[in-house]
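Notes to accompany the following structure.
Note on naming: letters A, B, ... go to the chains in the order of the sequence lines (proteins, then strands), and numbering restarts at 1 for each one. Just so it is clear, the values below take in all heavy atoms, side chains as well, and ignore hydrogens, waters and symmetry mates.
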2 protein chains.
Amino acid sequence: MSNASRAALPGALTTSCAIACEACDLWAICRSQRPPASPGPGTRDRRASCAQRLPAAAYLFRAGRPARALYGVRQGTLKTVRISPDGEERVVAFHLPGDVVGLESLAAGRHSGDVIALEPSALCELPVARLQGWLTEMPELARSMLQLLSGAVTEAWNRPEHTRGAVWQRVEGFIGDLSVRLERRGLDGRHLWLSMSRTDIASYLDLRIETISRTLRQLREANRIHLRGRHLVLQ
Amino acid sequence: MSNASRAALPGALTTSCAIACEACDLWAICRSQRPPASPGPGTRDRRASCAQRLPAAAYLFRAGRPARALYGVRQGTLKTVRISPDGEERVVAFHLPGDVVGLESLAAGRHSGDVIALEPSALCELPVARLQGWLTEMPELARSMLQLLSGAVTEAWNRPEHTRGAVWQRVEGFIGDLSVRLERRGLDGRHLWLSMSRTDIASYLDLRIETISRTLRQLREANRIHLRGRHLVLQ
DNA sequence: CGAGTTTTTGATCGAGGTCAAAGTTTGTGG
DNA sequence: CCACAAACTTTGACCTCGATCAAAAACTCG
């Protein structure tokens, strides 16, 4: 019975939980905007302008548009897609709660890829203009920014590891990476909801969707994972 | 006759040329250290402490060591090598004249990989401690640093494109990337000296050296390149 | 010049791609 | 709430491209 199978996957949610501001990488930056010393009535703590909500499949921004802001993912998942010179669409990154989106656009001032929500998502928006102002007022903020960007470089260098070696290693590495990143944010890293399609995973790992499907089955048959549809449990 | 063949490759040098300070990515940072207003005798312009010279195969630094400085490549070529969790050694980047090495270590404070000279090389060294001081004295420097790091993220995101798609595309993309990067520094992008071994290229592109060798031959037979040993000319 | 390394070439094999089709889930409108 | 269409996923059969194993050739450097 289908419901019984579902029940065997405790904790697997259809959407990621929202995370606290303190668990977000953008927190190091946006905490700098201190609230007024004695907040009068009607004054709210605007340090985080967490207004943006995106339904599934909505674009956060598109390649080529001016980069106006950094975004912190508070809830949900997104993907960055680039069009390669030969017209192929490639998924180059998945963004989980707590990740910062838009760092790579600071230099060029334009976004280099499309960012699309994979499920209903919520994001904090930190306008670049405001960031510039803060940088001159608070030199110590530069440290945080450098930290953030340097970490982004390190992570970007780690990614190619996922597109190397045998296929089962790539797939398992991909799953493990999601798991580790979720746990680092205080979320459950063992019960995953794969908000991205098999096609997205295949594009990211440079494989075919049939290969993804077959490899996931092999991992399941080897009892490394428990899988049903997009619910996944690490064993 | 061998010498005649060599002569058919005009401009291909056995080592890269040195580049001017102004063409180096580190220049935006180290120019900030202004020389004294009226330099007396014996005072030299120390804005760039360009002391480091490395013979071929020498280590600039090793994984795990504390990251003490940023390095600007003035001459030569280097590679960054990482040991993957399963003990495999992988080339994750090649560094050409004008590139900055060490950015990815700022966050962790430790180097995440070995950096090794592929030919006799010269580097400028900018101690992180001095950088920290400058950042507090000159807030406008933060802009340059952010620019630099954001660019590094963008480039790191571009790299995976080289390990995707058909083999001849990867190899041609790799060569084209070297070419474009050299030209951006004002060097000759059509006549390349491949200072890295076929093994290094294979590791970087996640292929076998036999495949690299065969693919280069195919590109040569298709008249896309002129190749002899490590001398390469784009057509 | 000669030993050791790097690169090239050949023959064979298998992992992953391709093509085709069935099965499952999701979303929409009645 | 159900029915149905569309999209996504799984499975099977076959084949190609790059890996592997082996050996010769070319290059490096003392």
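- Nearest to the side chain of Glu210(A), among dA19(D), dT18(C), dT8(C), sits dT18(C).
- No cation-pi contact links Arg65(B) to Phe61(B), judged by a cut-off of 6.0 Å to the six-membered ring centre and 45° from its axis.
- Take Glu155(A) and apply the side-chain hydrogen bond (donor to acceptor under 3.5 Å, both in side chains) test, not counting sequence neighbours, and it matches no residue.
- Taking atom CG on Leu227(B) and atom C1' on dT8(C), their separation rounds to 11 Å, with Å as the unit.
- Rounded to whole Å, atom P of dT6(C) lies 13 Å from atom CG of Leu118(B).
- Contact check, Arg228(B) against dC27(D): a side-chain N or O comes under 4.0 Å of OP1 or OP2.
- Spacing between atom CE of Met196(B) and atom P of dT6(C) amounts to 15 Å, rounded to whole angstrom units.
- The only option from Thr77(B), Leu78(B), Leu187(B) that meets the side chain to side chain contact (heavy atoms under 4.5 Å, CB included) definition with Leu96(B) turns out to be Thr77(B).
- Take Ser105(A) and apply the side-chain hydrogen bond (donor to acceptor under 3.5 Å, both in side chains) test, not counting sequence neighbours, and it matches His111(A).
- Taking atom CD1 of residue Ile201(A) and atom P of nucleotide dT9(D), one finds them 8 Å apart after rounding to whole Å.
- If you measure from atom CD1 of Ile209(B) to atom P of dA26(D), you get 17 Å, rounded to the nearest angstrom.
- Salt-bridge check for Asp99(A) with Arg185(A): passed, with a basic side-chain N closer than 4.0 Å to an acidic carboxylate O.
- Residue Gln218(A) contributes atom CD, which lies 10 Å from atom P of dA15(C) at whole-angstrom precision.
- Distances shown here put every side-chain N or O of Arg217(B) at or beyond 4.0 Å from the OP1 or OP2 atom of dT8(C).
- Of the candidates dT26(C), dT18(C), dT9(C), the closest approach to any side-chain atom of Ser213(B) belongs to dT9(C).
- Among the nucleotides dT9(D), dG16(C), dC21(D), the one closest to the side chain of Ala166(A) is dG16(C).
- Checking the phosphate oxygens (OP1, OP2) of dG17(C), a side-chain nitrogen or oxygen of Thr211(A) falls inside 4.0 Å.
- Backbone-only engagement by Ser197(B) is indicated by non-hydrogen atom pairs under 4.0 Å involving sugar-phosphate atoms exclusively.
- For dT9(C), the OP1/OP2 oxygens have no side-chain nitrogen or oxygen of Arg214(B) closer than 4.0 Å.
- Straight-line distance from the CH2 atom of Trp193(B) to the C1' atom of dC27(D): 10 Å, rounded to whole Å.
- Side chain of Leu207(A), nearest nucleotide from dG17(C), dT26(C), dT25(C): dG17(C).
- Mapping Gly229(A) and Arg208(A) onto DNA chain C via the closest heavy atom, the residue that lands nearer the 5' end is Arg208(A).
- Where the helix from dC1(C)-dG30(D) to dG30(C)-dC1(D) starts and where it ends, the local axes point in directions that differ by 60°; five pairs per end, rounded to 10°.
- Residues Leu54(A) and Ala117(A) come closest through the heavy atom pair CB-CB, 4.1 Å.
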task = Step by step, work out the salt bridge (charged side-chain N to carboxylate O under 4.0 Å, His left out) result for Arg90(A) and Asp206(A).
result = CA-CA 9 Å; Arg90(A) 308 256 195 210; Asp206(A) 196 23; 3.6 Å; yes
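- Side-chain proximity of Arg230(A) to the nucleotides dC21(D), dT11(D), dC8(D) is greatest for dC8(D).
- When all heavy atoms are compared, the tightest approach of Ser179(A) to Arg190(A) is OG-N, 4.4 Å.
- Computed from coordinates, the Arg164(B) CZ to dG17(C) P distance equals 13 Å when rounded to whole Å.
- At the phosphate of dT10(D), OP1 or OP2 sits under 4.0 Å from a side-chain N or O atom of Arg198(A).
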